[in-house]
Peer 1: 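Provided herewith is a single structure, encoded as structure tokens, for subsequent inquiry.
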Amino acid sequence: MSSDVDTINQAADRHGTAGHLEAAGAPAVPADGTLRVLRTGEFAFETGGVLPRMDIAYETWGTLDEDGSNAVLLLHALTGDTHVARGASGEPGWWDGFVGPGLTVDTDKYFVVAPGMVGGCNGTTGPGSAAPDGRAWGSRFPFTTIRDSVRLEARLADALGVDAWHTVLGGSMGGARALEWAVTFPERVGRCVSIASTAASTAEQIAFAQIQTRAIRLDPAFAGGDYYSAPARTPGERAGFGEGPVAGLGIARRMAHITYRSDVEFDARFGRTAQQDEEPLGSASLERGRYQVESYLDHQATKLVGRFDANAYVVITEALMSHDVGRGRGGVDAALAGLDGVEFLIAAVDSDRLYWPVQAEAMASRLPNCPPVEYIRTPIGHDGFLTDVEQLSGVLKRTVFTR
Ligand SMILES: CC(=O)SCCNC(=O)CCNC(=O)[C@H](O)C(C)(C)COP(=O)(O)OP(=O)(O)OC[C@H]1O[C@@H](n2cnc3c(N)ncnc32)[C@H](O)[C@@H]1OP(=O)(O)O
Ligand SMILES: N[C@@H](CCO)C(=O)O
């Protein structure tokens, strides 16, 4: 472990507030699914800006083999976090049923590592984290890219003693991060699994994202990004949850959530039905009740506002807008063409209207020796990679996780 790196091991209750610093160089073996934070030194961002210290939050499951050959890097999507699967706390993770003992990513056999994005709000340094002056970074937080996260994750790999990952895997933004890993560090990636993702964000994806970031920035409570009542000082502390531009964040989530699902699902599930005893047609005034789908979106917005910081949402969304593995590398084709040392698996959701299957096909066709795209077939839409993982499981057990 390098001298500028300490490890903070969060208590098993990941919603607690006080992390504790372990003796540098001799971290205790953590319980599976326990929030930990690696404290690293100065970090220069891809497009400018330097922070004097960068923390990266992560959780692990299983044990690294002596030869270091069983490490799997699992990368979360936009509003995901490090808690992929349940562990010591028993709290369910967002890919429960996919990662765990005896499951597809079998944590009895693989050492699974799940880090948080740079700029997030769940332990990795982000705009809500405390700056040296004791205030949240807020508007001073640098613009960040997917590549910044990959470079920070490489520091984590170094600290954990992982020279090369058996597999780097993720969905949506996690898929973008996985692909960026393969392009940046091909010698450190054995297999790359990119699900419901793309090699470069398209104009339409940027457009959907822009509406969301505008909704947040235009909320008067955004205050230029400096709205925190208190910064996050320790790994378990959350800053900005439920405060600041919550109306804007709620609108952003509503917009985003529509793109995560499909018209077929919405029609089948909600149709034109009114929410309980509400009257969507209204009456003599402008006030009216809601359709079921409106109530559903309101619920999705409320839930996200309770578990996410608006600034972090902007920072990470703009990082995803910047995603382009071809930037500065002669374009996407050139960036992907040389990756013949990495085994790829590209998967798509057939009903995805955000990361269209055609983009997965285009990505696969540009990758050397890439097998045909695997499909999750579901009417759900983009979120199918979170809701229908059992379809992916069979393929991954056969091709990637064969131990
Ligand atoms: C728990 C965490 O912190 S997760 C953190 C990490 N999260 C992630 O990485 C992914 C983010 N999560 C997601 O995107 C979603 O939660 C998904 C995709 C996983 C969930 O998808 P689904 O299981 O299909 O759930 P769905 O989108 O239908 O939402 C169900 C919710 O809508 C609510 N709902 C359904 N109909 C209505 C309605 N008419 N009015 C109001 N609410 C409604 C349900 O009560 C349920 O509420 P709950 O989630 O509070 O229990
Ligand atoms: N619903 C997921 C999908 C984003 O790709 C999330 O919020 O992270």
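All ligand and atom numbering here is 1-based and tracks the order in the structure.
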Peer 1: If you take the nearest heavy atom of each of Pro92, Ala256, Gly80, which one is closest to atom 6 (C) of ligand 1?
Peer 2: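 Going through Pro92, Ala256, Gly80 one by one, Gly80 has the nearest heavy atom to atom 6 (C) of ligand 1.
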Peer 1: Salt bridge check: are Glu180 and Arg329 linked by an N-O gap of less than 4.0 Å?
Peer 2: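 Arg329 and Glu180: salt-bridged.
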Peer 1: Out of Arg290, Arg253, Gln300, Arg261, whose heavy atom is nearest to atom 13 (C) of ligand 1?
Peer 2: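 That would be Arg253.
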Peer 1: Less than 3.5 Å apart, any donor N or O on the side chain of Asp81 or His76 sitting next to an acceptor on the other?
Peer 2: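 Short answer, no.
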Peer 1: Is Gln292 near ligand 1, meaning one of its heavy atoms is under 4.0 Å from it?
Peer 2: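 Yes.
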Peer 1: What do we get for His257 next to ligand 1 when only non-hydrogen atoms under 4.0 Å count, side chain, backbone, both or neither?
Peer 2: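 The answer is the side chain.
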Peer 1: Is the shortest distance from a Lys or Arg side-chain nitrogen in Asp148 or Arg151 to a carboxylate oxygen in the other one below 4.0 Å?
Peer 2: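 Answer for the salt bridge query: yes.
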Peer 1: Shortest non-hydrogen contact from Ser201 to Met321?
Peer 2: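 Closest approach of Ser201 to Met321, heavy atoms only: CB-O, 3.8 Å.
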Peer 1: Counting only nitrogen or oxygen atoms and a 3.5 angstrom limit, does Arg269 reach ligand 1?
Peer 2: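 For ligand 1, there is an N or O atom that lies under 3.5 Å from one belonging to Arg269.
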Peer 1: Name the option, out of Arg307, His83, Lys303, that contains the heavy atom nearest to atom 11 (C) of ligand 1.
Peer 2: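 Of the listed residues, Arg307 has the closest heavy atom.
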Peer 1: Are a donor atom and an acceptor atom from the side chains of Glu243 and Ser229 found within less than 3.5 Å of each other?
Peer 2: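 Result is yes, a qualifying pair exists.
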Peer 1: Just by distance, no angles: are the side chains of Ser69 and Arg403 close enough, under 3.5 Å, to form a donor-acceptor pair?
Peer 2: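 Ser69 vs Arg403: donor-acceptor pair found between side chains.
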Peer 1: Given that the side chain starts at C-beta and the backbone is N, CA, C, O, which of these parts of Glu265 lies under 4.0 Å from ligand 1, counting heavy atoms, or is it both or neither?
Peer 2: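 Contact part for Glu265 vs ligand 1: neither.
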Peer 1: Does the N or O separation between Asp81 and ligand 1 drop below 3.5 Å for any pair?
Peer 2: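 Between Asp81 and ligand 1, no N or O pair is found under 3.5 Å apart.
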Peer 1: Looking at ligand 1, does Met173 have a heavy atom less than 4.0 Å from it?
Peer 2: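 In this structure, Met173 fails to qualify as a contact of ligand 1 - no heavy atom is under 4.0 Å.
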Peer 1: Between Asp55 and Arg53 (salt bridge meaning N to carboxylate O under 4.0 Å), is one present in this structure?
Peer 2: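 Yes, charged N to carboxylate O under 4.0 Å.
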Peer 1: Ignoring hydrogens, just give me the one of Gln276, His382, His299 whose non-hydrogen atom is nearest atom 31 (C) of ligand 1.
Peer 2: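 Among Gln276, His382, His299, the closest heavy atom to atom 31 (C) of ligand 1 belongs to His299.
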Peer 1: Could you list, one pair per line, each nitrogen or oxygen of ligand 2 together with any protein nitrogen or oxygen closer than 3.5 Å, giving atom names and the distance rounded to 0.1 Å?
Peer 2:
residue  : atom  : partner : partner atom : Å
ligand 2 : 1 (N) : Asp383  : OD1          : 2.9
ligand 2 : 5 (O) : Ser172  : OG           : 2.6
ligand 2 : 5 (O) : His382  : NE2          : 2.9
ligand 2 : 7 (O) : Thr79   : OG1          : 2.6
ligand 2 : 7 (O) : Arg253  : NH1          : 2.9
ligand 2 : 7 (O) : Arg253  : NH2          : 3.3
ligand 2 : 8 (O) : Leu78   : N            : 3.4
ligand 2 : 8 (O) : Thr79   : N            : 3.0
ligand 2 : 8 (O) : Thr79   : OG1          : 3.3

Peer 1: Using a 4.0 Å cutoff against the non-hydrogen atoms of Thr387, which atoms of ligand 1 qualify?
Peer 2: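 Counting atoms of ligand 1 from 1, those under 4.0 Å from Thr387 are 21 (O), 24 (O).
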Peer 1: Ring-plane angle category for His382 and Tyr260, please: parallel below 30°, perpendicular beyond 60°, tilted otherwise.
Peer 2: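 The rings of His382 and Tyr260 sit tilted, inter-plane angle from 30° to 60°.
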Peer 1: Apply the side-chain contact (heavy atoms from CB on, under 4.5 Å) test between Trp61 and each candidate in Thr34, Asp106, Val112; give the one that qualifies.
Peer 2: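 The residue from Thr34, Asp106, Val112 that satisfies side-chain contact (heavy atoms from CB on, under 4.5 Å) with Trp61 turns out to be Val112.
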Peer 1: What I want to find out is whether Glu294 reaches Arg288 closely enough, with some N-O distance under 4.0 Å, to be called a salt bridge.
Peer 2: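 Judged by the 4.0 Å cut-off on N to carboxylate O distance, Glu294 and Arg288 do form a salt bridge.
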Peer 1: Identify the residue among Gln275, Arg290, Arg253 that makes a side chain to side chain donor-acceptor pair (under 3.5 Å) with Asp298.
Peer 2: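 Exactly one candidate clears the test, Arg290.
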Peer 1: Heavy-atom pairs closer than 4.0 Å: do any link ligand 1 to the side chain of Thr79, the backbone, both, or neither?
Peer 2: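 Both backbone and side chain of Thr79 come within 4.0 Å of ligand 1.
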Peer 1: Hey, would you say the His166 and Phe111 ring centroids sit under 6.0 Å apart?
Peer 2: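 Aromatic pair excluded; centres sit 6.0 Å or further apart.
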Peer 1: Tell me whether the count of non-hydrogen atoms from other residues, nucleotides or ligands lying under 6.0 Å of CZ in Arg214 goes above 12.
Peer 2: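 For Arg214, atom CZ is not crowded (no more than 12 foreign heavy atoms under 6.0 Å).
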Peer 1: Where's the contact between Tyr296 and ligand 1, heavy-atom distance under 4.0 Å: side chain, backbone, both or neither?
Peer 2: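 For Tyr296, the contact with ligand 1 is made by both the backbone and the side chain.
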Peer 1: Is Gln275 in polar range of ligand 1, meaning some N or O pair under 3.5 Å apart?
Peer 2: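 Yes; the residue has a nitrogen or oxygen that sits under 3.5 Å from a nitrogen or oxygen of the ligand.
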